[in-house]
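Report on the following structure.
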Amino acid sequence: MTRKCFQMADPFLYDTGERSHYGCLGHEVQIEHLKAYVCKPSFSTDKAVIVAHDIFGWQFSDIRYIVDLIAGHGYITICPDFFKGTKPWTPSDHWVDFPDWLKNHDPMKVDKEADVVLKYLKEQCGAKKIGIVGFSWGGMAVHHLMLKNPQLTAGVSLYGIIRDSEERYRLLNPTFFIFGEKDHTISLDQIFLLEDKLKQYCKVPYKIKVYPGQVHGFAQLKPEDMKPDDKPYIEEARRDMIDWIKMFV
């Protein structure tokens, strides 16, 4: 494999390892051209959160666990299939093929899907305030949408940032960026640059936090898949994510 292929894969590459089975609490729905996984709290609410999945897609058990977790905090929570029925990346796929796959799965081309989901949440679920969280590929999608869509009242991007746009610092609404200290896909220099530029250009509340010793993909592990040394940081990142959503949504 050439180094070029590795570089194109780097923003999303992490080892999923062995994952335990997860029994979901929500259900699947069809929204126009999209399938989606939805979980609702036990009481009525007009607050909602969209979850943007990573390269492993909307059916990945880690992502569904996160949807259920956020719903448990009182939000109508939905993870749409941003890949629109096309095949997600799988751990058995070959990274040499990743550049071609990515051409058809651009995290900065999610605007139409976001609008479909926003319409559904407002018209079918009665949502009045809607936030978004995303992981890796989905973190990049969140960064993009927080620059483009004022309907999203707050965003949390977990280890995913846009790197090649001069407009990437002019956020429309409050946005929280979560990173792992040992994330091989996002260097500390890139994080420092993001912080410096946001100080210069961003006019809304933002936050950047780096979690010690954590690697790419750390914050979405189910409890039974966590390593003991990582568990406190994973739980802290999740609390911080929820606290940001509660502050603004």
Side-chain angles (χ1 to χ4, degrees), residues 6-7 9-20 22 49 51-56 60-70 72-73 91 95 107 131-144 146 154-163 168-169 171 174-200 202 204-249:
F6 271 121
Q7 288 173 334
D10 270 352
F12 316 104
L13 174 59
Y14 70 101
D15 179 14
T16 58
E18 292 296 321
R19 287 293 196 268
S20 57
Y22 179 64
V49 174
V51 175
H53 54 73
D54 63 10
I55 60 173
F56 301 110
F60 188 32
S61 62
D62 287 9
I63 292 297
R64 296 206 165 184
Y65 171 79
I66 293 294
V67 171
D68 294 350
L69 178 77
I70 296 172
H73 284 273
W95 284 109
I132 186 168
V133 305
F135 299 81
S136 187
W137 185 97
M140 288 187 72
V142 168
H143 190 175
H144 168 75
M146 294 310 293
V156 183
S157 169
L158 296 97
Y159 31 85
I161 54 173
I162 296 169
R163 307 166 194 242
R168 63 188 182 273
Y169 310 113
L171 301 165
T175 307
F176 180 23
F177 295 92
I178 287 175
F179 301 103
E181 180 192 23
K182 294 186 177 179
D183 190 329
H184 68 290
T185 74
I186 301 172
S187 69
L188 290 176
D189 284 345
Q190 288 174 311
I191 297 171
F192 295 149
L193 176 64
L194 175 68
E195 190 165 28
D196 182 58
K197 294 293 187 179
L198 287 174
K199 285 179 183 176
Q200 291 183 54
C202 188
V204 298
Y206 67 86
K207 183 178 178 180
I208 295 172
K209 188 169 179 178
V210 180
Y211 296 78
Q214 299 308 295
V215 299
H216 196 78
F218 79 98
Q220 62 211 65
L221 286 169
K222 299 187 295 297
E224 57 270 30
D225 296 325
M226 296 177 188
K227 295 176 182 177
D229 290 346
D230 296 329
K231 186 175 180 181
Y233 300 109
I234 296 170
E235 292 179 343
E236 180 183 356
R238 289 185 183 160
R239 285 195 304 271
D240 292 344
M241 174 186 74
I242 295 295
D243 286 346
W244 189 262
I245 292 296
K246 286 184 175 180
M247 193 182 308
F248 295 107
V249 180

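Residue numbers run from 1 in the order of the sequence given. Values in this document were obtained by computation on a predicted structure and should not be read as measured data.
Formation of a donor-acceptor pair under 3.5 Å by the Tyr159 side chain with backbone atoms of Ala219 is found in this model. Glu181 places a side-chain N or O within donor-acceptor distance of the main-chain N or O of Gly213, the cut-off being under 3.5 Å. The main-chain N or O of Leu198 is never found under 3.5 Å from a side-chain atom of Gln200 such that the two would form a donor-acceptor pair. Using modelled atom types, no side-chain atom of His184 and backbone atom of Val215 make a donor-acceptor pair closer than 3.5 Å.
Remark: Lys222 is not positioned above the aromatic ring of Tyr65, lacking an NZ or CZ atom under 6.0 angstrom from the ring centre and at most 45 degrees off the axis.
Counting heavy-atom neighbours within 6.0 Å of Lys231 NZ, excluding the residue itself, gives a total of 12 or less.
Side-chain N/O atoms of His216 and Thr185 include a donor and acceptor closer than 3.5 Å.
Across Gly155 and Trp244, no two heavy atoms sit closer than the pair O-NE1, 3.3 Å. In terms of heavy-atom proximity, Glu236 sits nearest to Lys209 at OE2-NZ, 2.7 Å. Val249 and Ala154 make their closest contact through CG2-CB, 3.8 Å (heavy atoms, listed as atom of the first residue, atom of the second, distance). Heavy-atom minimum distance, Val142 versus Val133: CG2-C, 3.6 Å. Taking both residues in full, the closest heavy atoms of Ile70 and Ile242 are given as CG1-CD1, 4.0 Å, listed atom of the first, atom of the second, then distance. Minimum heavy-atom separation, Met140 to Pro107: CB-CB, 3.9 Å.
At least one side-chain heavy atom of Phe177 sits under 4.5 Å from a side-chain heavy atom of Ser157. At a threshold of 4.5 Å between non-hydrogen side-chain atoms, the residues Arg64 and Val51 do not count as touching. A heavy-atom distance below 4.5 Å is found between the side chains of Ile161 and Ile186. Looking only at side-chain heavy atoms (C-beta outward), Phe135 and Ile178 stay at 4.5 Å or farther from each other. Using a 4.5 Å heavy-atom threshold, the side chains of Gln214 and Lys182 count as separate.
A side-chain contact (heavy atoms from CB on, under 4.5 Å) with Phe176 holds for exactly one of Leu158, Asp240, Ile208, Ile245; it is Asp240. Partner Phe218 forms a ring-ring contact (aromatic ring centres under 6.0 Å, His included) with one of Tyr211, Tyr233, Phe179 and no other, that one being Tyr211.
A salt bridge is absent between Asp230 and Lys227; no separation between the charged side-chain nitrogens and carboxylate oxygens falls under 4.0 Å.
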